[in-house]
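Note sheet for the following structure.
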Amino acid sequence: MRSHFDQQLQLLNSEMRDMGALCEDAIALASKALSENSKELAEKVPPIASALDQKERDVENICLKLLLRQQPVAGDLRQISAALKMITDMERIGDQAEDIAEIVCYMQGSSRKETELFNSMARSVIQMVTDSVDAYVKQDLELAKKVIFHDDVVDDYFEKVKKSLVDIIVKEPDMGGFALDMLMIGKYFERIGDHATNIAEWVIYSVTGVHKSAELIKN
Amino acid sequence: MCDNNEKIIIESNKLNLYYGDNHALKDISFRIPSNRITALIGPSGCGKSTFLKTLNRMNDLVPGVKIDGQVMYNGEDIYGKAVDVTRLRRQIGMVFQKANPFPMSIYDNIAYGPRTHGIRNRARLDEIVERSLRDAAIWEEVKDRLNKSALGLSGGQQQRICIARALAVEPDVLLMDESTSALDPISTSKIEELAMDLKSRYTVIMVTHNMQQALRISDYTAFFLLGELVEYGDTQTMFSEPTDKRTEDYITGRFG
C-alpha cells in the first residue's frame with residue numbers, strides 16, 4: 001500500500017549504512033596511519049571525509065523530500081528526524097579522523113610503543129560507530145544501549161593515554177611536543193566515541209520516542 | 001485519555017450501538033473536554049461518524065437502530081426520557097460533509113434557527129445574523145448580498161453559511177462531519193482557522209479523513225477501528241508516539 005514510501009525508507013537506511021561504513025574507513029585508516037607512521041595512509045583520509053560531507057548532503061536531501069512529500073508521522077517521523085540528527089555526528093566523525101591524519105602527517109618519524117594503546121582505542125570507537133549505525137538500521141534498542149555503555153571503555157582508554165603521556169613528559173622532557181600531539185589524537189578518538197554515543201541516543205529516540213529521558217514533542 | 005485537568009463536556013459510558021445485527025459501536029467510553037478540538041479518525045466504516053451522530057441523537061432517525069450505554073452532556077444523560085431532542089440539537093449543533101444551505105436567502109438561512117426558537121424581533125435577528133456570519137468568517141463576503149439565495153455561493157462559502165447557521169442558535173458544541181472534505185485548500189484552510197478561533201467559545205468535535213488536518217488543528221485525537229475506540233490522547237503524542245500498533249499502522253498508511 002505504501003511501497004514507494006517503504007522503498008524510500010530503505011534507500012535512507014542503505015545510505016545511512018554507507019555513511020556509517022565511510023566513518024569506519026576514515027577512523028581505521030587514521031588509526032593505521034598512526035600505528036604505521038605512514039604519511040601515505042594519512043593522506044587517504046581527507047578524501048573519505050569529503051565523501052562523508054557529500055553523503056551528509058545526500059541523506060539530508062532524502063530526508064527533506066520525505067518530510068515534504070510523505071508528511072511522516074509516528075515511527076516514520078522518528079526514523080527520518082533521527083537520521084537528520086545522526087548525520088551531523090557522522091560528518092563530525094569524518095572531520096575528526098581527518099584531524100588525526102593531519103597530525104600523523106607532521107609527526108613523521110615518531111613511531112612508538114604507545115601507539116598500541118591508540119590502536120585499541122581506535123578499535124573500540126570503530127565498534128561503537130558500527131554498532132550505532134547497525135542499531136539504527138535494525139532499530140535495535142539493546143545494541144544502541146550497548147554503544148552508550150561502551151563509551152565508558154573509551155573514556156578509560158583516554159585516561160590511560162593521558163597517564164602514559166604524563167610519564168613521557170616526566171621522563172623524556174624533549175618529547176613534550178610529541179606527547180601533546182598524541183594527547184590531541186587521544187582526545188579526537190574520545191570525541192568520536194561521544195559522537196557514536198549521540199548517534200545511539202537518536203536510535204533510542206527513533207525506537208522509543210524518548211531522547212535522553214526527555215519527551216521531545218511537548219505540549 | 002485527555003488531560004486530567006480538562007473540564008469534561010461530553011462523556012460516553014459503555015456506549016453500544018447496533019444497526020440491526022450490525023454492532024457498530026462497541027463499549028465506547030470517552031471523555032471529551034470542553035473548549036478543545038477533538039478529532040475522530042479511522043478508516044471508513046469504523047464507527048467515527050456514527051459516534052459523532054450519537055452525540056446529538058441524529059441516529060434516532062435511523063430505522064432499526066438500538067443504543068445502550070450512556071452519553072452524558074454536562075452531567076445529564078442525553079438518552080434520558082426527559083430530554084428535549086430539539087433543545088439538545090440546539091446545544092450540540094452539526095455541520096455535514098456536504099454543505100446543505102436551505103433554498104432561501106443567506107439571511108433567512110441564518111435566521112431560521114432563532115426564528116424556530118421563537119425570536120421574531122427584526123433588530124434582534126439582524127444582530128444574530130451579523131454575529132453568526134462574522135463568527136463563521138464570512139460576513140465580509142456576503143454582507144452586501146444577504147437577501148440573495150445562499151445556493152448562489154461557492155462550496156466553501158456555503159459550508160461557512162452552514163457553520164454560521166449552526167452558530168446562530170448559540171450552541172455549546174459543534175459537531176463537524178468531514179466538513180471540509182469537499183472543499184478546495186483555501187476554503188479548507190478558512191474553516192480550519194475558524195475552528196481554531198471558535199474553540200475559545202465552543203467545543204469542536206470533528207470527524208476527518210485528513211490526518212494532516214487532525215494534526216494541524218486538533219488538541220485531542222481519537223482513533224476508531226471496527227467500532228472500537230482503539231486509542232485516544234493528545235494529538236501530538238498520538239501522531240509522534242502512538243501506543244497501539246493498530247494506530248501506528250493506520251496513521252502511517254499501512255492499512256485503512
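The basis for the numbers below is simple: all heavy atoms, side chains too, and nothing from hydrogens, waters or symmetry mates. All values reported here derive from a predicted model rather than from experimental measurement. Throughout, a chain's letter reflects where its sequence line sits, starting with A, and its residues are numbered from 1.
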| request: Quick one: closest heavy-atom pair of B:Ser240 and A:Arg78, and the distance? | output: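 In this case the closest contact between B:Ser240 and A:Arg78 is O-NH1, 2.6 Å.
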| query | How would you list, in number order, the residues of residues 182-211 of chain A that have a heavy atom less than 4.5 Å from chain B? | reply |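 At a heavy-atom separation under 4.5 Å, chain B is reached by A:Thr208, A:Gly209.
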| field | Residues in side chain to side chain donor-acceptor pair (under 3.5 Å) contact with B:Glu6, at least two apart in sequence or another chain | value |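 Testing B:Glu6 for side chain to side chain donor-acceptor pair (under 3.5 Å), a comparison that skips the adjacent residues, returns B:Arg36, B:Tyr220.
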Heavy-atom count around [X] [atom1] within 6.0 Å, excluding the residue itself: above 12?
X       : atom1 : answer
B:Glu11 : CD    : yes
A:Arg69 : CZ    : no
A:Lys32 : NZ    : no

| said: The test is side-chain contact (heavy atoms from CB on, under 4.5 Å); show your working for A:Val73 and B:Met211 and say whether it passes. | reply: CA-CA 9 Å; A:Val73 293; B:Met211 231 86 73; 5.8 Å; no
| CD/A:Gln79 to OG1/B:Thr252 distance, rounded to the nearest 0.5 angstrom? |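 Between atom CD of A:Gln79 and atom OG1 of B:Thr252 there are 11.0 Å.
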| field | Test: A:Asp76 and B:Arg254 ion pair at under 4.0 Å | value |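 Looking at B:Arg254 together with A:Asp76, the answer is yes, because their closest N to O distance falls below 4.0 Å.
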